[in-house]
K.L.:
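Following this message is one structure expressed as structure tokens.
Chain identifiers are assigned alphabetically (A, B, ...) following the order of the sequence lines, protein sequences preceding nucleic acid strands; residue numbering begins at 1 within each chain.
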2 protein chains.
Amino acid sequence: MTTEAAGWVGNGYDPQCPTRVLLDRVGDKWTVLVIGLLSDGPMRFTTLRDSVGGVSGKVLTATLRALERDGLVNRTAYPQIPPRVEYALTDLGRSLQEPLAVLRGWSEQHIAQVVAHRAEFDRAAGIRLQF
Amino acid sequence: MTTEAAGWVGNGYDPQCPTRVLLDRVGDKWTVLVIGLLSDGPMRFTTLRDSVGGVSGKVLTATLRALERDGLVNRTAYPQIPPRVEYALTDLGRSLQEPLAVLRGWSEQHIAQVVAHRAEFDRAAGIRLQF
DNA sequence: CAGAATCCGGTCCGATACTG
DNA sequence: CAGTATCGGACCGGATTCTG
């Protein structure tokens, strides 16, 4: 492991930083939702789209393509008409569940405080604008 | 804790979902870097900007403002000329270090595989375009 | 059914210039 | 020193339409 790879923050912004790569992967709108749903087992494209809810086909395709590209999800197309395509987590993808569960744990414990701070901050800023 | 608040994935996209709020907070370009730097102690604005490297004043201000709004960072302005402003993690902000460390741990163990998959996927896609 | 193609608005971010 | 104001480019994601 290089010093660079070990650096949480190193110095300067580095798109190659491992933590950065993960955050970029996981920070988008649908990825974590999709991983969560696939945790229960393989799913077909349309089932996934309906389960996620509110995602367009184009964007779900892009999300899945990116997950597949990174080796987190496997895509299996059955040569039928109409087509049948199944998506499933890989071992690597499943290994992500633990860190994500930790994030979830922190969120459930602390997000209420964040939201409260947010409201108070906005209220205070609002007052300043009023006078 | 409501069922909704407990749901990792619940059903459908929910901007209020605790995990979602956290991901949105932490998924942007500079936040994690800033938190990492502030872990060593309070820092002044310019010191922070120089340490982060590559961030514009405007964006760093926005990042810090958002962190302050959420109660993760404290802003202290000393009434001097020239001004002196210090930023420090709050207890809430410090509590984020642990989950972030978990993310970092996963990244350092697995990102190499992700990058490898990525390269292989792109290579395979490239071949398909060639013929 | 599982997408690809296109268009389009909103947001993120950087660069620059200015100020108390 | 620590910002604010303004502009512009890039990217993300949504809606719609079309296809094997």
K.L.:
The side chain of A:Arg44 is closest to which nucleotide in this list: C:dC1, C:dG3, D:dG13?
P.N.:
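In terms of side-chain proximity for A:Arg44, the closest of C:dC1, C:dG3, D:dG13 is C:dC1.
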
K.L.:
Roughly how many Å is it from CZ in B:Arg75 to C1' in D:dC1, rounded to a whole number?
P.N.:
12 Å

K.L.:
Just the rounded figure in Å: distance from P of C:dG3 to CD of A:Glu86.
P.N.:
12 Å

K.L.:
Does this structure show an ion pair linking B:Asp14 with B:Arg20, if we count only N-O contacts that are shorter than 4.0 Å?
P.N.:
no

K.L.:
Below 4.0 angstrom from OP1 or OP2 of D:dC12, is there any side-chain N or O of A:Lys58?
P.N.:
no

K.L.:
Using whole Å, what does the distance between atom P of nucleotide C:dC1 and atom CG of A:Leu64 come to?
P.N.:
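The answer, rounded to whole Å, is 17 Å.
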
K.L.:
Hey, does the side chain of B:Tyr87 come within less than 4.0 Å of D:dG3's phosphate (OP1/OP2), counting only N and O?
P.N.:
yes

K.L.:
Output yes when A:Asp122 and A:Arg118 qualify as a salt bridge under the 4.0 Å nitrogen-oxygen rule, no when they do not.
P.N.:
no

K.L.:
Measure from the side chain of B:Thr61, starting at C-beta and using heavy atoms only, and say which of D:dT4, C:dC13, C:dA2 lies closest.
P.N.:
D:dT4

K.L.:
What pair of heavy atoms forms the shortest contact from A:Leu92 to B:His117, and how long is it?
P.N.:
CD2-CD2, 4.3 Å

K.L.:
B:Lys29 has an atom NZ; how far is it from atom C1' of C:dT11, in whole Å?
P.N.:
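Distance, rounded to whole Å: 14 Å.
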
K.L.:
Taking for each residue the nucleotide of DNA chain D bearing the nearest heavy atom, is the 5' side occupied by A:Thr63 or by A:Pro82?
P.N.:
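Upstream on the strand: A:Thr63.
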
K.L.:
CG of B:Asp28 versus C1' of C:dG14: gap in Å, rounded?
P.N.:
15 Å

K.L.:
Does A:Arg49 have a side-chain nitrogen or oxygen under 4.0 Å from the phosphate oxygens OP1 or OP2 of D:dG14?
P.N.:
no

K.L.:
With a 4.0 Å cutoff (strictly under), does any side-chain N or O of B:Arg65 reach OP1 or OP2 of D:dA2?
P.N.:
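For D:dA2, OP1/OP2 do not have a side-chain N/O of B:Arg65 under 4.0 Å.
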
K.L.:
Would you say a side-chain N or O of A:Arg84 is under 4.0 Å from OP1 or OP2 of C:dG3?
P.N.:
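Answer no for this pair, as no side-chain N or O of A:Arg84 is under 4.0 Å from OP1 or OP2.
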
K.L.:
Rounded to whole Å, please give me the gap between OH in B:Tyr13 and C1' in D:dC12.
P.N.:
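Taking OH of B:Tyr13 and C1' of D:dC12, I get 12 Å after rounding.
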
K.L.:
Please report, rounded to the nearest Å, how far the P atom of C:dC12 is from the CG atom of B:Leu33.
P.N.:
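Atom-to-atom, B:Leu33 to C:dC12, this comes out as 18 Å.
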
K.L.:
Using a 4.5 Å cut-off on heavy atoms from C-beta on, say whether the side chain of A:Ile35 contacts that of A:Leu67.
P.N.:
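Result yes, sub-4.5 Å side-chain heavy-atom pair found.
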
K.L.:
Where is the tightest heavy-atom contact between B:Leu103 and A:Leu22, given as atom of each residue plus distance?
P.N.:
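Closest approach of B:Leu103 to A:Leu22: O-CD2, 3.6 Å.
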
K.L.:
Counting side-chain heavy atoms from CB outward, which of D:dG13, C:dA2, C:dG14 is closest to A:Trp30?
P.N.:
D:dG13

K.L.:
Looking at the side chain of B:Val85, which of C:dG14, D:dG14, D:dG3 is the nearest nucleotide?
P.N.:
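Selected nucleotide: D:dG3.
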
K.L.:
Can you tell me the distance, in whole Å, between the CD atom of B:Glu68 and the P atom of D:dA2?
P.N.:
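Whole-Å distance recorded here is 15 Å.
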
K.L.:
Which nucleotide sits closest to the side chain of B:Ser56: C:dA2, C:dG14, D:dA2?
P.N.:
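Looking only at heavy atoms from C-beta outward on B:Ser56, the closest nucleotide is C:dG14.
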
